[in-house]
Amino acid sequence: MPELPEVEVVRRGLEKQLLGAKIKEVEVFFPGSLRGQDIKRFCAALEGWTITAAVRRGKFLWLLGEDREGQQTLYSLVIHLGMSGQLLINQPQIELSHKNQGHLRVRLTMEDDRTVNFVDQRTFGRMVVEPLVETRDKKPGGLGAGSHLVPRNVELNVARDALDPNVDLEKISSTVRKRKSSIKHSLLDQKLVSGIGNIYADETLFASGINPGQRADSLSEAQIQELFKTAGAIMKTAIKHGGTSFDELYVDTSGNPGYFEQELKVYGRGGESCKTCGTTLEKLQQSGRTATYCPQCQPLQD
DNA sequence: ACCAACCCCTGGCGGC
DNA sequence: TGCCGCCAGGGGTTGG
């Protein structure tokens, strides 16, 4: 399931393969992926568009482009992969596998006849044409473009992520410090710091020796800042491994999985033994998600 | 402002 | 062997 590292690997694939490419045709096979947008308008906004940048903030990805006259458009194509979204770039005449074909939701065909296939089994992903606005702090909106323009829905709902050089960890830790809910809840809060999902939240808490049920207001600001830095470090390493392909639904733009699953210490290992101390890892329900942790290495502190 | 609950969806799995 | 029900997950919305 794509979190920041997986989305970043996809972004790099798009950047490498699609910059300067022009969209010839847009086909929508599953309107639900457009989340209520008018299909004709969606297609018209993108046909004839030349892709100029692939940008990411947290788990949100967007493409910038120029119209037929070479003018930068004031809208972007925002993509969220959800649980199972894939962006598969195929060379001309290469068809999708039978299985992927059945989950093909949107296809962009480029002038050179390559296709960009949005394949999404569980349909939690989406593609939305969204107007661009200026960032509140006038700093670059995400990774992949110098521009301080950012899709409106991203600016409203998605905070800077843990790997963003402009993330304000001091401000964030002072906010978290006041919260009564669990620290894991704050790690997963995309309006606070974006990009962290259940896999990297559990891995971060294990690496920090903090129990997922620990109340946020029981930690110091220094501990909280350290926690977000640890999350960033783990995600950076995960990017180097090509991301985590836990349930084989995550692949890059060429269809290749990542190999960080082998490095996971706790996520998905409930009932197995801790790689550090051998204690049986436990699971608990937290903010509607399963938290897996080591009761020995991550004791509740008062 | 903050927070919990619920919904969206499909495939894989355990139980019978 | 097949069928049923449960679970996994992020984000948007709603209601408290």
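Residue numbers begin at 1 in each chain, while the letters A, B, ... track the order of the sequences.
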Can you confirm if the NZ or CZ of A/R105 lies within 45° of the ring axis of A/F118 and under 6.0 Å from the centre of its six-membered ring?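 Output no; distance or angle outside limits.
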Reckon [X] touches a base, only the sugar-phosphate, or nothing at all at heavy-atom distances under 4.0 Å?
X: A/R289; value: base
X: A/G82; value: nothing
X: A/S84; value: nothing
X: A/F30; value: nothing

Can you tell me how the ring of A/F60 sits relative to the ring of A/H80, calling it parallel under 30°, perpendicular over 60° and tilted otherwise?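 A/F60 and A/H80: perpendicular rings.
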Spacing of [X] atom [atom1] relative to [N] atom [atom2], expressed in whole Å:
X: A/R35; N: B/dC7; atom1: CZ; atom2: P; result: 17 Å
X: A/Q121; N: B/dC8; atom1: CD; atom2: P; result: 18 Å
X: A/K191; N: C/dG11; atom1: NZ; atom2: P; result: 11 Å
X: A/R179; N: B/dC3; atom1: CZ; atom2: C1'; result: 9 Å
X: A/L192; N: B/dC2; atom1: CG; atom2: C1'; result: 13 Å

Can you name the residues that form a side-chain hydrogen bond (donor to acceptor under 3.5 Å, both in side chains) with A/T123, not counting sequence neighbours?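 Applying side-chain hydrogen bond (donor to acceptor under 3.5 Å, both in side chains) to A/T123 gives none.
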Between the opening five pairs and the closing five pairs of the helix from B/dC2-C/dG16 to B/dC16-C/dG2, how far apart are the helix axes, to 10°?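 So the angle between the two local helix axes works out to 50°.
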One thing to verify: whether A/E155 and A/K138 come together as a salt bridge, which I'm taking to mean a side-chain N less than 4.0 angstrom from a carboxylate O.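 No salt bridge links A/K138 with A/E155.
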